Amino acid sequence: MISVKNITKVYGSQKALDDVSFEIGSGQVIGFLGPNGAGKSTMMKIITCYIPQTSGDVSVCGYDVTEQSIDVKKIVGYLPEHNPLYPEMYVKEYLNYICGVYKFEGKKDAKIKELIELTGLTVEQNKKIAALSKGYRQRVGLAQALIHDPKVLILDEPTSGLDPNQLTEIRALIKSIGKEKTVVLSTHIMQEVEAICDRVIIINRGKIVANESTSVLQKSRTSGEIILVEFDSAVSEKQLRSIDGVQSCENINGNKWRLKVNDLTVRSSIFKWAVANDLTALSLQVEEQRLEDVFHQLTNNE
């Protein structure tokens with residue numbers, strides 16, 4: 001569906017993208033992550049034909065972004081990071097205008113009504129865009145990106161400015177859309193990626209540093225396992241580090257500790273140690289490595 005081969009983008013003396021390559025199939029929601037200035041937005045703008053690459057090739061559904069840009073734009077929906085809207089227009093008026101831009105051939109009124117309901121704009125549909133909150137403006141941007149029923153949806157920070165309830169609704173919408181379309185999602189919210197993305201591509205300083213499924217990425221970037229354990233009485237860091245297999249430990253609060261261990265067989269050693277020291281392990285659970293931790297490991301430039 002999306003093929004990126006050896007893409008390099010240079011601005012003057014600065015190389016924003018450096019020989020980037022990846023493939024994205026249909027029916028996937030991809031998290032495209034990276035720190036500020038890593039090259040995420042640049043890559044999205046190249047895929048959507050807003051700027052040209054310096055070298056390399058990109059195709060979307062078989063169409064070359066350089067030679068067949070009009071064909072690409074017909075099948076791609078794009079919500080950029082800075083959502084460009086016409087604030088003096090009313091919501092329905094703006095969506096009607098976007099239908100005209102795409103030369104929508106179906107029943108425009110029915111399509112606009114469908115998208116207003118889909119993106120939760122019903123109560124705001126008769127307002128001017130200038131009068132909308134940032135969250136509702138994001139919904140208008142998402143509606144315009146979907147109005148021509150694109151095969152590919154490129155979303156750059158789509159949940160920016162949304163409140164917790166709106167976040168839940170838009171995440172569910174994106175996940176639902178991803179069952180039928182290819183969705184590329186850029187965000188800084190790791191919980192969002194864990195909740196809705198099938199795969200994660202991480203870019204740092206213009207280079208791809210990870211391209212794996214979310215679950216595999218969380219498991220493959222750490223040496224050891226994390227165990228959360230709580231005792232019925234106080235223990236010291238020195239005592240816990242004396243247990244064979246414990247690499248490090250961190251006090252969370254009170255008698256609850258976060259232990260980094262060699263492997264999960266250490267659990268039995270923890271229970272035996274507790275009994276030998278007249279302690280009771282009130283709880284013990286394995287903690288999956290957080291995507292946020294993985295992201296930090298891969299993009300920490302210090």
Side-chain angles (χ1 to χ4, degrees), residues 1-2 24 26-51 60 72-73 75-87 91 94-95 98 102 112 114-125 129 132-203 214 291-292 295:
M1 188 66 75
I2 299 176
I24 299 175
S26 60
Q28 293 183 339
V29 180
I30 304 299
F32 195 51
L33 312 180
N36 290 332
K40 304 185 302 299
S41 293
T42 297
M43 189 70 254
M44 289 182 157
K45 288 174 184 176
I46 291 172
I47 293 172
T48 53
C49 309
Y50 275 78
I51 61 173
V60 181
V72 172
K73 290 176 180 179
I75 57 173
V76 172
Y78 180 38
L79 175 59
E81 181 179 6
H82 302 292
N83 186 5
L85 300 169
Y86 293 107
V91 172
Y94 173 70
L95 295 178
I98 296 298
Y102 283 107
I112 291 168
E114 174 193 342
L115 282 172
I116 283 174
E117 292 175 353
L118 186 67
T119 55
L121 283 165
T122 302
V123 297
E124 307 289 338
Q125 62 181 306
I129 292 172
L132 301 180
S133 67
K134 186 176 181 182
Y136 277 110
R137 290 189 187 196
Q138 285 297 94
R139 291 171 182 248
V140 174
L142 187 57
Q144 68 80 23
L146 288 166
I147 207 153
H148 58 301
D149 195 24
K151 294 181 180 179
V152 176
L153 197 57
I154 308 292
L155 306 175
D156 199 351
E157 301 287 345
T159 56
S160 174
L162 301 184
D163 65 36
N165 290 332
Q166 292 172 333
L167 273 173
T168 301
E169 293 169 3
I170 295 300
R171 284 176 186 172
L173 174 59
I174 293 171
K175 194 164 187 175
S176 175
I177 291 169
K179 294 177 182 178
E180 300 177 353
K181 304 179 188 298
T182 298
V183 180
V184 180
L185 167 74
S186 170
T187 181
H188 287 101
I189 305 172
M190 295 299 137
Q191 297 92 330
E192 193 164 280
V193 177
E194 292 171 338
I196 65 178
C197 294
D198 306 306
R199 197 168 105 228
V200 176
I201 298 174
I202 300 179
I203 188 169
T214 309
L291 189 58
E292 185 174 346
F295 179 85

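Predicted model, so just to flag it, every value in this text is computed and none were measured.
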- Run the numbers on V140 and E124 for side chain to side chain contact (heavy atoms under 4.5 Å, CB included), then give the verdict. CA-CA 10 Å; V140 174; E124 307 289 338; over 6 Å; no
- Over 12 foreign heavy atoms within 6.0 Å of OH, Y102: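 Yes, because the 6.0 Å sphere around OH of Y102 holds more than 12 heavy atoms from other groups.
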- Query: Crowded around E180 CD? As in, over 12 foreign heavy atoms under 6.0 Å?
  - Reply: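 Count not over threshold, so no.
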Whether the side chain of [X] engages the backbone of [Y] through a donor-acceptor N/O pair (distance < 3.5 Å, no angle test) should be reported.
X    : Y    : answer
R139 : T119 : yes
K40  : P35  : yes
T159 : L167 : no
Q138 : E157 : yes

- Sequence-distant partners of R137, side chain to side chain donor-acceptor pair (under 3.5 Å), two or more places apart: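 Side chain to side chain donor-acceptor pair (under 3.5 Å) check on R137 returns nothing, list empty.
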Hey, what do you get for [atom1] ([X]) to [atom2] ([Y]), rounding to the nearest 0.5 Å?
X    : Y    : atom1 : atom2 : value
C197 : Q28  : SG    : CD    : 10.5 Å
I98  : L146 : CD1   : CG    : 12.0 Å
N165 : I170 : CG    : CD1   : 12.0 Å
Q125 : L95  : CD    : CG    : 9.5 Å
E192 : M190 : CD    : CE    : 10.0 Å

Pairwise side-chain contact, [X] with [Y], heavy-atom cut-off 4.5 Å (strictly under):
X    : Y    : result
I51  : T42  : yes
L155 : L142 : yes
R199 : I24  : yes

What heavy-atom pair brings [X] and [Y] nearest, and what distance separates the two atoms?
X    : Y    : result
V29  : G178 : CG2-CA, 3.6 Å
A195 : K175 : O-NZ, 3.2 Å
A38  : I203 : CB-O, 3.4 Å
P158 : L185 : CG-CD1, 3.0 Å
I147 : L115 : CA-CD1, 3.3 Å
S41  : D156 : OG-OD2, 2.7 Å

- Full working for side chain to side chain contact (heavy atoms under 4.5 Å, CB included) between K45 and Y78: CA-CA 9 Å; K45 288 174 184 176; Y78 180 38; 3.6 Å; yes
- Set of residues satisfying salt bridge (charged side-chain N to carboxylate O under 4.0 Å, His left out) with respect to D149, sequence neighbours excluded: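 So D149 forms a salt bridge (charged side-chain N to carboxylate O under 4.0 Å, His left out) with K181.
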- Message: Pair K134, N83 - check side chain to side chain contact (heavy atoms under 4.5 Å, CB included), show working.
- Response: CA-CA 10 Å; K134 186 176 181 182; N83 186 5; over 6 Å; no
- Derivation and outcome, side chain to side chain contact (heavy atoms under 4.5 Å, CB included), residues T187 and L33: CA-CA 6 Å; T187 181; L33 312 180; 4.1 Å; yes
- When V76 is tested against each of I2, I47, T48, T182 for side chain to side chain contact (heavy atoms under 4.5 Å, CB included), which residue passes?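 Answer to the side chain to side chain contact (heavy atoms under 4.5 Å, CB included) test with V76 among I2, I47, T48, T182: T48.
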